[in-house]
Chemist: 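Just dropping this structure here.
What's counted below: heavy atoms across the whole structure, side chains too, no hydrogens, waters or symmetry copies. The shown structure was predicted, so the numbers you read here are calculated from the model rather than taken from an experiment.
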Amino acid sequence: MNQMPVEQTEFFPAPFDVAADRYDETFTVSKIGQAQRASVWKELEKAFHSQDRVLELGCGTGVDARFLARQGTTVFACDSSSQMIRAARRNIQELKSTLMGSVHLHQLRIEEISALKNEGPFDGAFSNFGALNCVEDLRSLAIDLAKLLRPGASALLCLMGPCCAWEIVWYLAEGRPRKALRRLCRGGVTARLADQATVRVHYPGVRSLARIFFPEFRLKSVKGVGVSVPPSYGEPWAVRFPRLFEFCLRADSALGRCPGVRIFADHILLRFERQDV
């Protein structure tokens with residue numbers, strides 16, 4: 001069996017460096033993390049296939065790239081954090097496979113994906129769990145991404161939604177109304193990852209995203225990820241009430257497709273199609 005090749009570029013500091021070491025421990029292997037990721041993986045399996053070449057924006061610790069590589073997909077995975085790239089390298093090197101898929105890691109800001117123009121055109125692209133919420137200029141990203149994808153290609157973008165019902169109820173119950181309503185702030189909010197690490201986070205809605213990515217992309221489908229399943233900080237609750245959590249998990253697959261309800265999810269997964277314009 002051959003290890004999948006890994007490529008990397010020069011490292012530089014990034015806010016999410018401080019979260020890399022504990023990301024898999026606190027989210028990837030958690031009950032909530034596994035539930036939300038499985039919901040996204042169902043859509044990735046539908047969109048991407050063996051021998052496809054796919055671009056990932058904000059790869060984190062490489063868990064999604066590893067999943068697709070197991071299906072035979074070649075993934076060009078980018079992240080601004082050197083520590084995330086190192087964690088991704090470890091995760092990918094642990095995987096041995098005879099499949100044709102591979103993972104090529106690049107330390108690269110999402111805003112700099114045009115640097116991969118010589119690697120294209122790609123058969124698709126995806127971004128998972130809010131990496132795009134930290135991008136200030138999504139319109140420029142849409143233009144750059146369109147240049148990298150072939151016409152008809154799918155772009156699956158999973159962002160934190162602008163109105164998470166769980167979050168509102170959770171923090172109002174704790175007497176923290178400002179945090180309960182933080183996603184509704186039009187100008188975004190500053191998230192503190194550590195004492196010296198902050199990032200500006202925006203929560204655009206589905207209609208806004210459809211406008212931003214048009215005309216290069218047309219919105220084809222919307223899925224809520226985490227309507228009845230809580231955000232990651234609800235993990236102690238999920239562990240304490242396993243039967244209730246299982247009920248929420250089963251309900252989530254139906255509610256995530258329900259118009260008018262799916263927009264209240266923790267994350268919203270949008271599938272765009274690259275237009276021939």
Side-chain angles (χ1 to χ4, degrees), residues 19 22-48 56 58-71 73 87 91 95 126-133 154 156-174 176 179-183 191 201 203 205-206 209 219-271:
R22 299 189 66 242
Y23 181 81
D24 285 338
E25 175 187 343
T26 58
F27 183 72
T28 300
V29 300
S30 69
K31 294 170 70 71
I32 290 173
Q34 290 177 342
Q36 292 202 13
R37 199 179 291 277
S39 180
V40 175
W41 280 0
K42 288 181 181 179
E43 307 310 313
L44 294 182
E45 283 184 302
K46 295 176 186 177
F48 308 130
E56 180 179 9
C59 67
T61 59
V63 177
D64 297 318
R66 184 176 63 182
F67 168 77
L68 281 179
R70 280 175 170 157
Q71 318 305 313
T73 303
N91 279 334
L95 175 64
F126 74 98
S127 181
N128 207 359
F129 295 138
L132 298 190
N133 290 90
S154 289
L156 272 66
L157 310 179
C158 184
L159 296 90
M160 291 179 284
C163 187
C164 174
W166 256 104
E167 182 159 290
I168 293 172
V169 173
W170 185 279
Y171 285 119
L172 284 179
E174 290 187 348
R176 304 167 70 183
K179 196 159 188 176
L181 303 175
R182 60 182 174 178
R183 300 194 189 197
V201 183
Y203 302 93
V206 172
L209 288 165
L219 181 62
K220 305 300 289 187
S221 67
V222 178
K223 179 181 182 180
V225 178
V227 180
S228 53
V229 169
S232 57
Y233 46 77
E235 182 68 12
W237 174 89
V239 173
R240 183 178 179 185
F241 303 104
R243 291 186 179 180
L244 184 54
F245 176 74
E246 287 299 322
F247 173 79
C248 292
L249 180 57
R250 291 192 297 271
D252 210 62
S253 59
L255 294 175
R257 294 292 188 185
C258 184
V261 176
R262 60 194 177 191
I263 61 172
F264 296 104
D266 182 24
H267 293 86
I268 299 177
L269 177 62
L270 301 93
R271 183 176 72 83

Chemist: Can you tell me how far OG1 of T73 sits from CG of L44, rounded to the nearest 0.5 angstrom?
Modeler: 9.0 Å
Chemist: Does a side-chain heavy-atom distance below 4.5 Å link I263 with V222?
Modeler: no
Chemist: Could you report the tightest heavy-atom contact between P162 and G205, atom names first, then the distance?
Modeler: CG-CA, 3.9 Å
Chemist: With sequence neighbours excluded, tell me which residues meet side chain to side chain donor-acceptor pair (under 3.5 Å) with W166.
Modeler: none
Chemist: Any side-chain heavy-atom pair from I32 and P230 closer than 4.5 angstrom?
Modeler: yes
Chemist: Measure across P231 and D266 and return the closest heavy-atom pair with its distance rounded to 0.1 Å.
Modeler: CA-OD2, 3.4 Å
Chemist: Under the rule for side chain to side chain contact (heavy atoms under 4.5 Å, CB included), what residues qualify as partners of E45, not counting sequence neighbours?
Modeler: F67, Q71
Chemist: Kindly say whether M160 contributes a backbone atom to a donor-acceptor pair with the side chain of N133 at under 3.5 angstrom?
Modeler: yes
Chemist: Please give me the minimum heavy-atom distance between C248 and V229, naming the atom from each residue.
Modeler: O-CG2, 3.9 Å
Chemist: For R37, which residues count as a salt bridge (Lys or Arg N to Asp or Glu O under 4.0 Å) partner, sequence neighbours excluded?
Modeler: D64
Chemist: Could you tell me which residues satisfy salt bridge (Lys or Arg N to Asp or Glu O under 4.0 Å) with E56, sequence neighbours excluded, listed by chain and number?
Modeler: none
Chemist: Under a 4.5 Å cut-off applied to non-hydrogen side-chain atoms, are L159 and I268 in contact?
Modeler: no
Chemist: Does any part of the side chain of V63, heavy atoms only, come nearer than 4.5 Å to the side chain of Y23, both counted from C-beta?
Modeler: no
Chemist: Measure across V40 and C158 and return the closest heavy-atom pair with its distance rounded to 0.1 Å.
Modeler: CG2-SG, 4.2 Å
Chemist: Ignoring hydrogens and angles, tell me if any N or O in the side chain of R262 forms a donor-acceptor pair with the backbone of V227 under 3.5 Å.
Modeler: no
Chemist: Using the side-chain hydrogen bond (donor to acceptor under 3.5 Å, both in side chains) rule, collect all pairs that involve residues 243-258, keeping only residues at least two apart or in two chains.
Modeler: E43-R257, S228-D252
Chemist: Determine the minimum heavy-atom distance between R182 and Y171, stating which atoms define it.
Modeler: NH2-CE1, 4.3 Å
Chemist: With heavy-atom distances below 4.5 Å as the criterion, would you say the side chains of F48 and L156 are in contact?
Modeler: yes
Chemist: Taking only residues two or more places apart in sequence or in another chain, which ones pass side chain to side chain contact (heavy atoms under 4.5 Å, CB included) with A165?
Modeler: F264
Chemist: Measure the CD-CG distance between E167 and L181 for me, rounded to the nearest 0.5 Å.
Modeler: 9.0 Å
Chemist: Taking all non-hydrogen atoms of both residues, which atom of S154 and which atom of R271 are closest, and how far apart?
Modeler: OG-NH1, 3.4 Å
Chemist: When you look at F247 and F241, which way does the ring pair (Phe, Tyr, Trp, His ring centres under 6.0 Å) test go after all the steps?
Modeler: CA-CA 10 Å; F247 173 79; F241 303 104; over 10 Å; no
Chemist: Using side-chain contact (heavy atoms from CB on, under 4.5 Å), reason through R66 and T61 one step at a time and then give a plain yes or no.
Modeler: CA-CA 9 Å; R66 184 176 63 182; T61 59; over 6 Å; no
Chemist: Taking C-beta and beyond as the side chain, do L209 and L219 meet within less than 4.5 Å on heavy atoms?
Modeler: no
Chemist: Measuring from K179:NZ to W170:CH2, what's the distance to the nearest 0.5 Å?
Modeler: 11.5 Å
Chemist: For the pair W237 and F245, name the ring-plane relationship: parallel under 30°, tilted 30 to 60°, perpendicular over 60°.
Modeler: perpendicular
Chemist: Hey, does S30 have a side-chain heavy atom less than 4.5 Å from the side chain of S232?
Modeler: no
Chemist: Does the side chain of E235 come within less than 4.5 Å of F27's, by heavy atoms?
Modeler: no
Chemist: Between K223 and S39 (side chain of the first, backbone of the second, donor and acceptor by atom type, cut-off under 3.5 Å), is there such a pair?
Modeler: yes
Chemist: State the CZ-CG distance between F126 and L270, to the nearest 0.5 angstrom.
Modeler: 15.5 Å
Chemist: Measuring from atom OG1 of T28 to atom CZ of R22, what distance do you get when rounded to the nearest 0.5 angstrom?
Modeler: 12.5 Å
